[in-house]
Amino acid sequence: MKLRIFLINILTFVSVFSECECYNILVIFGHPGKSHYDVFKPLFQELGERGHNITILSHVSTKGDIKNGRDVLISNEAMMHILDVNWFTGSRLQQYMEANLIAYLGDMTCEPGLQSKELQNFLKEDNQFDVILVEFFNSNCFYGIINKFKAPFIGLSSCSMMAWHSQWFGSPDNPSYIPSIYMAHLPPMTFLERVENTLVHLAHKLWYTIFMEKPGSKLSKQYIGFEPADPYNASLYLVNTHYSLHGVKPLVPGIVEVGGIHVATKEPKKLPQDIERWTNESTSGLIYFSLGSLLKGHTFPDDKRQIFNKAFSKLPQRVLWKWETTMKDKPNNVMISKWTPQFDILCHPNTILFISHGGLLGTTEAVHCGVPVLVMPQFGDQKLNAAMLQKQGSAVIIQLQTITEESLAEALTKALSPEIRKKAKELSERFRDRIVSPLQTAVYWVEYVAKYNGAKHIRSAAVDMPFYQYFLLDVIAFLGFLVLASTFIIYKSFRFILGKIFSRKGKVKTS
Ligand SMILES: *[C@@H]1O[C@H](CO)[C@@H](O)[C@H](O)[C@H]1NC(C)=O
Ligand SMILES: *[C@@H]1O[C@H](CO)[C@@H](O)[C@H](O)[C@H]1NC(C)=O
Ligand SMILES: *[C@@H]1O[C@H](CO)[C@@H](O)[C@H](O)[C@H]1NC(C)=O
């Protein structure tokens with residue numbers, strides 16, 4: 001009897017699990033920046049764990065660490081490890097031209113990716129997908145794959161939304177108070193800031209159409225044989241931001257903020273022994289210095305390195321500097337290391353400052369671990385991330401291009417103060433306080449879109465409206481006409497009546 005109950009229990013358990021609604025999921029990351037992929041890797045791992053098949057078309061090998069995963073590697077070269085600190089001047093002009101820089105990156109990467117043998121062989125296979133996750137970044141050259149498989153699709157963004165993204169979902173993108181990703185003016189904006197923010201916002205939408213969408217469409221047709229899917233038809237957009245850090249803007253239900261997705265459920269791991277010893281022994285605190293994987297130490301200007309080393313030598317704290325080559329003039333309290341597990345270092349209790357370029361991955365990790373940041377933004381969304389952090393009181397911004405010993409010493413003093421550390425801890429608490437973790441949120445929405453076959457019911461009506469209707473231009477014109485017409489009629493009637501009265505008075509007088 002007991003055995004029977006036991007067997008029945010086992011059977012129900014098994015049947016519950018085998019009834020899982022499992023989907024075939026395709027992921028497309030055409031842009032080779034590894035950090036973009038890394039933001040969403042935990043999502044792919046979790047989807048795999050839940051029994052979905054997941055095919056990942058990208059530049060990053062999953063090395064078998066994604067269950068039920070399959071790689072379609074579109075290049076082996078890490079193309080993005082080539083940016084040079086010396087390119088970036090931090091000027092206004094550079095900010096205006098940011099959309100141009102990412103269009104250029106698109107140009108560089110679309111064609112080699114589309115031509116790759118792995119991709120072309122994959123396209124010849126007979127596959128079917130229930131849902132497609134695709135990065136929304138600098139080009140649509142890979143979106144033809146979506147149309148080939150005719151599946152509902154979801155956009156992913158590892159950084160803040162670009163100027164041209166909101167309209168795809170009918171979400172308001174009013175530049176009077178929503179900062180353009182490349183301008184970094186935070187609200188409330190002055191009159192001139194609003195002028196600049198508006199112009200850049202409009203210009204970047206135009207840049208997208210001319211320099212990314214049009215060339216991408218051509219490549220998509222040429223190499224995939226399909227027009228790119230229309231992003232206006234996307235079911236959902238998962239964005240790596242959160243209002244507790246990035247500020248508030250209205251979002252339609254189809255745009256879901258999952259900021260912190262790559263760290264929220266992560267526990268810091270044990271550090272490599274040499275780094276652990278160095279960090280453990282930093283009893284006055286550890287400063288972690290890394291410019292991310294895009295900017296390499298050996299292109300770091302000599303004079304700037306000397307300035308940093310001089311400033312570090314006067315500090316009681318210890319420094320751990322991610323540096324790929326040797327460094328002769330480093331002081332005793334500086335350790336260099338080629339490979340550094342950033343998240344684990346930032347979450348070590350001795351770490352009290354992060355010196356960073358303001359990439360969103362590192363920024364999010366610092367916010368999560370409650371560590372203040374000394375930011376030296378270089379390009380892209382980094383200026384905006386830095387400004388957001390500064391507004392929350394947990395960062396000091398400094399320009400690498402114009403840095404001096406004095407300015408660095410001053411910035412370090414500010415960034416090492418107890419007040420800023422307190423602010424960073426408070427921000428961390430706000431950022432981590434969610435109903436459900438961003439990872440669970442993302443999993444829920446991916447399965448939701450697959451389950452409801454594109455979930456068209458969460459699409460905003462604004463997406464399908466013509467420009468003049470959305471901005472009420474026709475209604476304003478009509479009401480304007482009514483006001484003018486009635487003013488005219490009232491004016492004419494008054495004149496007529498007054499005319500009558502006065503002409504009668506006149507008659508009375510003369511008679
Ligand atoms: C996932 O892949 C396996 C092995 O290729 C296959 O047997 C299974 O049917 C796939 N699942 C779905 C939902 O298509
Ligand atoms: C977008 O979706 C609509 C409605 O499902 C469909 O009629 C239209 O063809 C789609 N557009 C593109 C470019 O796929
Ligand atoms: C560092 O400190 C931790 C916690 O006190 C300890 O478990 C670990 O063994 C220490 N590691 C080294 C290399 O000293």
Side-chain angles (χ1 to χ4, degrees), residues 14-28 41 43-58 61-73 118-119 121-134 145-146 148-154 235 266-288 316-322 332-353 369-371 442-455:
V14 168
S15 69
V16 161
F17 271 75
S18 56
E19 264 171 28
C20 119
E21 277 285 337
C22 286
Y23 301 113
N24 263 330
I25 300 173
L26 175 65
V27 175
I28 306 172
K41 185 177 163 189
L43 172 62
F44 310 147
Q45 284 176 315
E46 184 62 22
L47 288 169
E49 288 293 330
R50 292 169 66 85
H52 306 300
N53 286 350
I54 180 152
T55 303
I56 301 180
L57 199 160
S58 80
S61 164
T62 63
K63 293 191 217 89
D65 61 1
I66 290 177
K67 203 174 158 197
N68 297 321
R70 173 196 165 184
D71 279 347
V72 179
L73 268 183
E118 285 242 14
L119 174 65
N121 288 339
F122 170 73
L123 290 176
K124 285 184 201 119
E125 289 174 16
D126 182 25
N127 285 308
Q128 279 195 335
F129 295 100
D130 302 297
V131 61
I132 298 176
L133 313 185
V134 59
I145 301 173
I146 302 169
K148 177 177 162 65
F149 294 115
K150 293 190 180 52
F153 64 105
I154 296 174
S235 298
K266 209 160 139 181
E267 285 300 321
K269 285 201 287 283
K270 202 172 154 57
L271 295 171
Q273 209 174 8
D274 54 338
I275 294 181
E276 187 178 47
R277 184 164 315 117
W278 184 257
T279 310
N280 272 9
E281 289 167 7
S282 307
T283 41
S284 340
L286 180 88
I287 298 171
Y288 173 58
Q317 286 85 7
R318 280 186 172 187
V319 178
L320 175 62
W321 192 339
K322 181 173 185 288
N332 285 335
N333 65 335
V334 174
M335 171 181 172
I336 56 169
S337 177
K338 221 187 269 194
W339 185 81
T340 50
Q342 176 160 290
F343 174 71
D344 308 327
I345 294 169
L346 287 174
C347 272
H348 191 285
N350 282 358
T351 305
I352 55 167
L353 181 64
C369 301
V371 176
V443 168
Y444 168 82
W445 280 107
V446 170
E447 290 180 345
Y448 187 93
V449 166
K451 181 174 168 192
Y452 296 109
N453 196 21

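Nothing fancy with the numbering, it's 1 onward along the sequence. Numbering of ligands and ligand atoms starts at 1, following listing order. Everything numeric in this text was worked out from a predicted model, so none of it was measured. Note: hydrogens, waters and symmetry copies are ignored here, and every other heavy atom, side chains too, is used.
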For this session: Could you please spell out the steps behind the side-chain contact (heavy atoms from CB on, under 4.5 Å) verdict for Glu281 and Arg318?
Result: CA-CA 9 Å; Glu281 289 167 7; Arg318 280 186 172 187; 3.4 Å; yes
(message) Using a 6.0 Å cut-off, check whether atom CG of Asn121 has over 12 heavy atoms from anything other than its own residue.
(response) yes
Applied to residues 64-73, the salt bridge (charged side-chain N to carboxylate O under 4.0 Å, His left out) test, sequence neighbours excluded, yields Lys41-Asp65, Arg70-Glu125
Per-atom filter on ligand 1: closer than 4.0 angstrom to a heavy atom of Cys22 are 13 (C)
message: Do Asn127 and Phe122 have side chains that approach each other closer than 4.5 Å (heavy atoms only, starting at C-beta)?
response: yes
Would you mind writing out the side-chain donor-acceptor pairs for residues 340-353 within the sub-3.5 Å range, not counting sequence neighbours?
{"unit_1": "Thr340", "atom_1": "OG1", "unit_2": "Tyr288", "atom_2": "OH", "d": "2.8"}
{"unit_1": "Gln342", "atom_1": "NE2", "unit_2": "Glu365", "atom_2": "OE1", "d": "2.9"}
{"unit_1": "Asp344", "atom_1": "OD1", "unit_2": "Lys269", "atom_2": "N", "d": "3.0"}
{"unit_1": "His348", "atom_1": "ND1", "unit_2": "Asn350", "atom_2": "N", "d": "3.0"}
{"unit_1": "His348", "atom_1": "NE2", "unit_2": "Asn280", "atom_2": "OD1", "d": "3.2"}
{"unit_1": "Asn350", "atom_1": "ND2", "unit_2": "Thr279", "atom_2": "O", "d": "2.8"}
{"unit_1": "Asn350", "atom_1": "ND2", "unit_2": "Asn280", "atom_2": "O", "d": "3.2"}
{"unit_1": "Thr351", "atom_1": "OG1", "unit_2": "Ile345", "atom_2": "O", "d": "2.6"}

Ignoring angles and geometry beyond distance, decide whether Asn53 reaches within less than 3.5 Å of ligand 1 through its nitrogen or oxygen atoms. yes
Ordered by chain then number, the protein residues lying under 4.0 Å from ligand 3 by heavy atom are Glu276, Arg277, Asn280
Applying side-chain hydrogen bond (donor to acceptor under 3.5 Å, both in side chains) to Lys270 and not counting sequence neighbours gives Glu276
Practice prompt. Verify, without hydrogens or angle tests, whether Trp278 (side chain) and Val319 (backbone) share a donor-acceptor contact under 3.5 angstrom.
Written response: yes
